[in-house]
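Taking it in order: structure first as structure tokens, then the write-up.
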Amino acid sequence: MAVDYGTLKKGGFMRQKQKNNFSLRIAVVGGTLTVENLKKIAEVAEEHGEGYVHLTSRQGVEIPFIKLDDIDVVKEELAEGGCKPGVCGPRVRTVTACQGNAVCPSGNIDTQDIAKKLDDRYFGRELPHKFKFGVTGCRNNCLKAEENDVGIKGATKVAWKEDACISCGLCVKVCREGALKLEDGKITLDQGKCNYCGRCVKSCPTDAWDSQSAYLVSCGGTFGNTIKEGQYMLPPITSEEQLFRVTDAAIQFFDDHANAGERFKFTIDRVGSDKLYKVLKEAYDG
Ligand code: SF4
Ligand code: SF4
Ligand code: SF4
């Protein structure tokens, strides 16, 4: 019987150069695996692979040297350990994320929660070409948001609270953008310079800042044959509902306008960033 390599690839089984061998990609949402997942992956790699795994550049785990005849049993065994296969080809790939504010002191958003919600919403959706989401918790950008077709970066909107301020000047020192000034006991914020990093809030000893978590969304990043940085078009997004309206609009724009085999960046260039901005802004405004 002919082997349907397309379907296998769609299900995470990537054909190797060695005949009838596949490298199985496991979906690792946000780079997080439980001990249960890890034990099962180790077991499968030992019993059906060659006793090792490969960690991909997008936080995935691949188990190489799975034999064609073992594919069904491997799928069953992995499912028992709570693992699902990743995907390849023209569809939404596994969402990547840094640890975010559940663990990291610099984090502005719960990246893991957003990654899971994006994955639930879009994972495996068929599109004209591959489509990648990445979620990073703050300006440090450990997850490199702008490499992705859609990148999400955690931000903090800030407002000074005069009553609680003791004029220590710490916030002015930690602001890398030079957005803050302390004169005559008063802080002034140059909104045009602020990059929403949230460092002023975290440094303040008296909690003299009102802060609101936010999301910055970039579109059109690609880091393969062509290297382009995703571009930011919208002001900070301040609710999950608004965020998902914007991501829905971005992915739908791609679905509606992309040619087969064309990355989002090139669809935007061909159709016009003004047109993308229009649909994103409508989604932003609700
Ligand atoms: S991007 Fe920010 S929140 Fe995420 S791991 Fe790096 S420092 Fe922490
Ligand atoms: S959020 Fe960051 S850039 Fe903006 S004022 Fe505070 S420290 Fe400066
Ligand atoms: S760090 Fe806080 S207390 Fe100190 S100057 Fe800034 S706002 Fe005021």
Side-chain angles (χ1 to χ4, degrees), residues 28-33 55-60 94-119 132-219 221 223 229-230 232 234-240 243 247:
V28 183
V29 181
T32 297
L33 289 167
L55 302 180
T56 74
S57 62
R58 294 196 77 250
Q59 303 183 321
T94 307
V95 181
T96 55
C98 73
Q99 296 222 65
N101 71 1
V103 170
C104 179
S106 301
N108 290 322
I109 57 167
D110 188 344
T111 52
Q112 293 292 308
D113 183 57
I114 293 295
K116 282 194 197 91
K117 285 173 178 160
L118 287 168
D119 193 71
K132 299 175 182 177
F133 286 94
V135 190
T136 202
C138 74
R139 295 288 306 185
N140 291 339
N141 207 13
C142 300
L143 202 277
K144 301 175 180 61
E146 298 85 355
E147 282 182 7
N148 293 273
D149 296 284
V150 169
I152 295 167
K153 184 177 285 178
T156 296
K157 288 180 81 174
V158 302
W160 181 58
K161 290 192 290 188
E162 184 166 7
D163 292 355
C165 179
I166 55 168
S167 306
C168 70
L170 262 177
C171 55
V172 179
K173 285 201 187 88
V174 301
C175 178
R176 291 170 172 164
E177 304 305 305
L180 298 176
K181 268 197 192 128
L182 175 62
E183 277 169 350
D184 302 328
K186 284 189 192 299
I187 292 285
T188 49
L189 164 62
D190 182 343
Q191 201 62 65
K193 289 184 178 170
C194 179
N195 68 7
Y196 310 101
C197 70
R199 286 168 62 86
C200 49
V201 178
K202 290 185 166 83
S203 73
C204 180
T206 60
D207 198 20
W209 291 92
D210 279 325
S211 64
Q212 185 181 21
S213 281
Y215 311 93
L216 298 167
V217 173
S218 58
C219 288
F223 228 70
E229 195 179 317
Y232 292 91
L234 296 173
I237 290 167
T238 50
S239 74
E240 264 184 41
L243 174 66
T247 55

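All values reported here derive from a predicted model rather than from experimental measurement. Atoms within each ligand, like the ligands themselves, are counted from 1 in listed order.
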Under a plain distance cut-off of 3.5 Å, with no hydrogens placed, do Lys202 and Asn108 share a side-chain donor-acceptor pair? yes
In this structure, atom 8 (Fe) of ligand 2 is nearest to the protein heavy atom Cys175 SG, 2.3 Å
The closest protein heavy-atom partner of atom 6 (Fe) of ligand 2 is Cys200 SG, 2.3 Å
Shortest protein heavy-atom distance from atom 7 (S) of ligand 3, along with the residue and atom involved: Trp209 NE1, 3.3 Å
Tell me the protein N, O or S atoms under 2.8 Å from atom 4 (Fe) of ligand 3, in chain and number order. Cys168 SG
Under 4.0 angstrom from ligand 2, any heavy atom of Asn195? yes
Contact summary for Ala214 and Lys157, nearest pair of heavy atoms: CB-CG, 4.4 Å
Closest contact, heavy atoms only, Ala164 versus Thr206: O-OG1, 2.8 Å
Closer than 3.5 angstrom, by distance alone: can the side chain of Lys116 be matched with the main-chain N or O of Val29 as a donor-acceptor pair? no
Of all the atoms in ligand 3, which lie at a distance below 4.0 Å from a heavy atom belonging to Trp160? 7 (S)
Look at atom 2 (Fe) of ligand 2 and say which protein heavy atom is nearest, naming residue and atom and giving the distance to 0.1 Å. Cys197 SG, 2.3 Å
Please answer whether the main-chain N or O of Val28 pairs with a side-chain N or O of Thr94 as donor and acceptor at a distance below 3.5 Å. no
Smallest heavy-atom separation, Trp209 atom then Cys204 atom, equals CD1-CB, 3.7 Å
Just which atoms of ligand 2 are under 4.0 Å from any heavy atom in Gly198? 1 (S), 2 (Fe)
Under 4.0 Å, heavy-atom basis, I'd like to know which part of Leu180 is in contact with ligand 2: side chain, backbone, both or neither. side chain
Would you mind listing which atoms of ligand 2 come within a distance below 4.0 Å of any non-hydrogen atom of Glu177? 3 (S)
Any idea which heavy atoms bring Asn148 and Arg58 closest together, and the distance? OD1-NH2, 3.2 Å
So, with waters excluded, how many protein N/O/S atoms does atom 6 (Fe) of ligand 1 have closer than 2.8 Å? 1
Atom CD1 of Ile152 and atom CG of Leu118: how far apart are they, to the nearest 0.5 Å? 4.5 Å
In residues 188-197, what donor-acceptor pairs under 3.5 Å come from side-chain atoms, sequence neighbours left out?
unit_1: Asp190; atom_1: OD1; unit_2: Gly192; atom_2: N; d: 3.1
unit_1: Asn195; atom_1: OD1; unit_2: Cys197; atom_2: N; d: 3.1
unit_1: Asn195; atom_1: ND2; unit_2: Glu177; atom_2: OE2; d: 3.1

Where is the tightest heavy-atom contact between Thr136 and Lys144, given as atom of each residue plus distance? OG1-N, 4.3 Å
Taking the side chain as every heavy atom from C-beta outward, state whether Glu240 and Ile114 have any atom pair closer than 4.5 Å. yes
Could you tell me which non-hydrogen atom of Pro205 sits nearest to which non-hydrogen atom of Leu170, and how far apart they are? CD-CD1, 4.1 Å
Atoms of ligand 2 close to Leu189 [distance to a heavy atom under 4.0 angstrom, numbered from 1]: 5 (S)
Heavy-atom distances under 4.0 Å are what count here, so tell me which part of Val201 touches ligand 2: side chain, backbone, both or neither. neither
Thr111 side-chain N/O to Cys98 backbone N/O, donor-acceptor pair under 3.5 Å: yes
Side-chain donor/acceptor pairs under 3.5 Å, residues 180-187, sequence neighbours excluded:
unit_1: Lys186; atom_1: NZ; unit_2: Glu162; atom_2: OE2; d: 2.6

Can you pull out the closest protein heavy atom to atom 4 (Fe) of ligand 2? Residue, atom name and distance to 0.1 Å, please. Cys194 SG, 2.4 Å
So, does Glu146 use its side chain to make a donor-acceptor pair with the main chain of Ser218 at under 3.5 Å? no
